[in-house]
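So the structure is just underneath, and the comments pick up after that.
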Amino acid sequence: NLTTQELSVAILRFLREAQTNDSLLLYFSGHGDQLDDGRPALCGVDTSSKDLPATSFDTVNLRQWMETYNRSPSTVVVLDCCYAGQMKGAVTEHTLAKSIGFGSLILSSGGGPTQDANSEKEPSPFTAALAEILLDPEVPGDNEGLLTADKVYSLLLERNPPLDPLPSRSTKSEGIFALARRETSAAASRADLPGFQRPEQTDVIDVIFGRETVTARWGPDQSEDLEL
């Protein structure tokens, strides 16, 4: 429950304090609207629909601040907003990229009607679905155990019953964006060949190449020379 100014300061400080080895997740769940050209605006508790450009947080500022202050190599922006100006047109990839850019990944709910007062303590359908996917241990990660934004987005689109309206994302984002990490085995194991028995002990053998011989050495006094 922040005012628009408090929201702006919180976002600016979050981006400005990021380090070069940080991965940032900026998640806004609240009320939103669309400005006259269709780009999203985030609303504080003091936002006035009559004076929207002056009393809301223009997401163009978010783009400029990320370009100026953000040192993180990976930034994910999640917008879970109801767009009161939805009759002006849906929030598309083009409007997301126009306001926030292509250098970061933007995942946005499709909008939808505002929740009534009795349901504001409950997560929105979009946030509930996203949390369920991220926390589900049955949803596997990639080879490195990472649950990527691409995978999460595809699962959001496959929900049954489907989210209405469907979420959107910036498909021209650069790089791989991980939203969660899954446990992986300490070392990848390959299937054993039929009849193969793993040794109980493995010795380290040094191979020394000379002009006329190759010497294999596996201990202080254990070696064997092979003629070339």
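Applying side-chain contact (heavy atoms from CB on, under 4.5 Å) to L134 and the options V139, V152, L155 leaves one that passes, V152. Considering L25, V76, D150 as possible partners of F177, the one that fulfils the side-chain contact (heavy atoms from CB on, under 4.5 Å) test is V76.
Inter-residue side-chain proximity for L35 and S56 is flagged as met; some heavy-atom pair is nearer than 4.5 Å. Between L156 and F126 the shortest side-chain heavy-atom distance falls below 4.5 Å. You'll find the side chain of W65 stays beyond 4.5 Å of the side chain of N70, heavy atoms only.
For T4 (side chain) and T55 (main-chain N/O), a donor-acceptor pair under 3.5 Å exists by modelled atom type. At distances below 3.5 Å, at least one donor-acceptor pair connects side-chain atoms of Q19 with backbone N or O atoms of E17. The backbone N or O of S124 sits nowhere less than 3.5 Å from a side-chain atom of T127 that would complete a donor-acceptor pair. The backbone N or O of N61 sits nowhere less than 3.5 Å from a side-chain atom of Q64 that would complete a donor-acceptor pair. D142 places a side-chain N or O within donor-acceptor distance of the main-chain N or O of G145, the cut-off being under 3.5 Å. Between the side chain of T59 and the main chain of P40, a donor-acceptor pair closer than 3.5 Å is present. Side chain of R217 to main chain of I208: no donor-acceptor pair is present (N/O by atom type, distance under 3.5 Å, no hydrogens or angles). Proximity of a side-chain donor or acceptor of S72 to a complementary backbone N or O of A18 within less than 3.5 Å is not detected. Of the possible polar contacts, one joining the S154 side chain to the K151 backbone as a donor-acceptor pair under 3.5 Å is found.
Remark: T47 OG1 to L42 CG distance equals 9.0 Å, nearest 0.5 Å. Annotation: the span from F28 atom CZ to S109 atom OG amounts to 10.5 Å, rounded to 0.5 Å. Here the straight-line distance linking atom CD of E6 with atom CG of N1 works out to 10.0 Å at 0.5 Å rounding. How far CG of N160 is from CD of E158: 10.5 Å, rounded to the nearest 0.5 Å. Of the inter-residue distances, the one linking R181 atom CZ with L146 atom CG reads 5.0 Å to the nearest 0.5 angstrom. Distance CG/L52 to SG/C43: 6.0 Å, rounded to 0.5 Å.
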Q.
Evaluate V78 against L179 for side chain to side chain contact (heavy atoms under 4.5 Å, CB included), listing each step before the verdict.
A. CA-CA 11 Å; V78 181; L179 297 182; 5.6 Å; no
Q: Applying side chain to side chain contact (heavy atoms under 4.5 Å, CB included), run through D225 and V214 and close with a yes or a no.
A: CA-CA 6 Å; D225 293 335; V214 176; over 6 Å; no
Q: Apply the test side chain to side chain donor-acceptor pair (under 3.5 Å) to residues D46 and T3: give CA-CA distance (whole Å), side-chain angles for both, the deciding distance (0.1 Å), then the verdict.
A: CA-CA 6 Å; D46 58 342; T3 65; 4.6 Å; no
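The heavy-atom pair separating C81 from H31 by the smallest distance is CB-C, 4.4 Å. Shortest non-hydrogen contact noted between M66 and V77 is SD-CG2, 4.3 Å. Smallest separation of non-hydrogen atoms from S8 and F57: OG-CD1, 3.2 Å. Of all the heavy atoms in L166 and L163, the pair that sits closest is CD2-O, 3.4 Å. Contact detail for L147 and P140: the closest heavy-atom pair is CD1-O, 3.6 Å.
Surrounding CG of N143 are at most 12 heavy atoms belonging to other residues, nucleotides or ligands under 6.0 Å away. More than 12 non-hydrogen atoms from other residues, nucleotides or ligands lie less than 6.0 angstrom from CZ of R71.
Residues E132 and R159 are paired through a salt bridge, judged by an N-O separation under 4.0 Å between the basic side chain and the carboxylate.
Scanning for side chain to side chain donor-acceptor pair (under 3.5 Å) contacts around D22 gives an empty result, with sequence neighbours left out. Applying the side chain to side chain donor-acceptor pair (under 3.5 Å) rule to S23 yields no partners; only residues at least two apart in sequence or on another chain are considered. Evaluation of the side chain to side chain contact (heavy atoms under 4.5 Å, CB included) rule for F14 yields L24, L26 as partners, not counting sequence neighbours.
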